[in-house]
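Have a look at the structure below before the remarks.
Everything numeric in this text was worked out from a predicted model, so none of it was measured.
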Amino acid sequence: MTWAPRSKKELDVAKKFVQSGGGPGGCGTREECFRYCDDVSHIDECVSYGKKTGIMTPEELKEAEQVQTALKKGVKLPGGCTSKESCDTYCNDPAHMEECIVFAEAAGFMDKEELGEAKKVLSAMQKGVRPPPC
């Protein structure tokens, strides 16, 4: 199955990819590049590529740089996750909330207000309060 751009933004990204001569790690398709760059061990190369080509949105680049900076400071990803998808899955489990809040704080993903709210929820959960089912 091949990928076809559905918007001007996607077309611009595809043009930048072609102009760059291929992606990081030698990836040649959108799917290969997502798979390659979803592995946190390739974060330096992928962030560098994203900056150089402008292929990442400013929000994507900021988030990737925050993770990159945290890792360089020695912060460990929660639960030993190795990709955005595996980290999201791990952190969506309320049992891992404390560990994920610590990482989010260290990486700068939460401002003081969000952090305060998250810690209140965590404290309530540790006291046995459970949120209602969705």
Side-chain angles (χ1 to χ4, degrees):
M1 178 178 188
T2 59
W3 173 78
R6 294 174 292 215
S7 68
K8 181 177 179 345
K9 180 183 170 193
E10 287 183 354
L11 182 59
D12 290 342
V13 167
K15 285 178 182 177
K16 288 176 185 177
F17 178 77
V18 170
Q19 290 169 351
S20 74
C27 62
T29 67
R30 181 176 189 256
E31 291 76 20
E32 287 174 359
C33 292
F34 276 122
R35 199 170 27 257
Y36 184 81
C37 287
D38 197 39
D39 182 335
V40 76
S41 68
H42 303 139
I43 195 164
D44 291 336
E45 181 182 2
C46 293
V47 167
S48 176
Y49 176 80
K51 282 182 184 177
K52 181 179 80 177
T53 62
I55 210 161
M56 297 170 78
T57 67
E59 295 80 22
E60 290 168 332
L61 188 57
K62 180 183 178 191
E63 184 177 307
E65 287 175 325
Q66 286 174 289
V67 172
Q68 182 184 37
T69 299
L71 292 173
K72 285 181 180 178
K73 289 179 181 176
V75 176
K76 301 291 183 209
L77 291 170
C81 59
T82 58
S83 69
K84 182 173 181 0
E85 183 179 338
S86 65
C87 290
D88 287 346
T89 299
Y90 184 83
C91 288
N92 281 333
D93 182 339
H96 305 139
M97 187 175 185
E98 184 172 10
E99 184 180 2
C100 294
I101 289 172
V102 168
F103 177 77
E105 180 178 20
F109 287 136
M110 301 174 97
D111 63 31
K112 286 184 179 185
E113 186 177 319
E114 291 171 316
L115 188 59
E117 289 299 316
K119 287 183 176 182
K120 285 179 189 176
V121 170
L122 177 61
S123 177
M125 290 176 68
Q126 289 171 333
K127 292 176 183 171
V129 177
R130 294 288 174 234
C134 296

Within the side chain of D38, is there an N or O that forms a donor-acceptor pair under 3.5 Å with the backbone of K84?
yes
Is the shortest distance from a Lys or Arg side-chain nitrogen in K120 or E117 to a carboxylate oxygen in the other one below 4.0 Å?
yes
Does M97 belong to the same Ile/Leu/Val/Met/Phe/Trp/Tyr cluster as L115, with side-chain heavy atoms less than 4.5 Å apart forming each link?
yes
Grouping I, L, V, M, F, W and Y whenever their side-chain heavy atoms are under 4.5 Å apart, do Y90 and L71 come out in a common cluster?
no
Measure across I43 and A64 and return the closest heavy-atom pair with its distance rounded to 0.1 Å.
CD1-O, 3.5 Å
Please tell me if the side chains of M125 and P94 come closer than 4.5 Å, counting only heavy atoms from C-beta onward.
yes
For Y36 and E45, work out which heavy atoms get closest and say how close.
OH-OE1, 2.5 Å
Judged by atom type as modelled, is there a donor-acceptor pair below 3.5 Å linking the side chain of E114 to the main-chain atoms of D111?
yes
Test disulfide (SG to SG under 2.5 Å) applied to C27 and C33, step by step
CA-CA 5 Å; C27 62; C33 292; 1.9 Å; yes
Does atom CD (E60) have a neighbourhood of more than 12 heavy atoms from anything else shown, all under 6.0 Å?
yes
Side-chain heavy atoms under 4.5 angstrom apart, residues restricted to Ile, Leu, Val, Met, Phe, Trp, Tyr: same cluster for V47 and V75?
yes
Rounded to the nearest 0.5 Å, the CZ atom of R30 sits from the CZ atom of R35 at a distance of 12.0 Å
Look only at the side chain of T89 and the backbone of E85, and say whether a donor-acceptor pair between them is shorter than 3.5 Å.
yes
Are the side chain of S48 and the backbone of D44 linked by a donor-acceptor contact shorter than 3.5 Å?
no
Could you state whether F34 and V67 fall into the same hydrophobic cluster, counting links through intermediate Ile, Leu, Val, Met, Phe, Trp or Tyr residues with side-chain heavy atoms under 4.5 angstrom apart?
no
Exercise: identify the closest heavy-atom pair between P78 and F103
CD-CG, 3.7 Å
Any chain of hydrophobic side-chain contacts (each under 4.5 Å) joining F109 to M56?
yes
Within the supplied structure, the quantity of interest is the number of heavy atoms (other residues, nucleotides, ligands) at a distance under 6.0 Å from E113 CD; does it exceed 12?
no
Taking atom NZ of K119 and atom CD of Q126, what is their separation to the nearest 0.5 Å?
11.0 Å
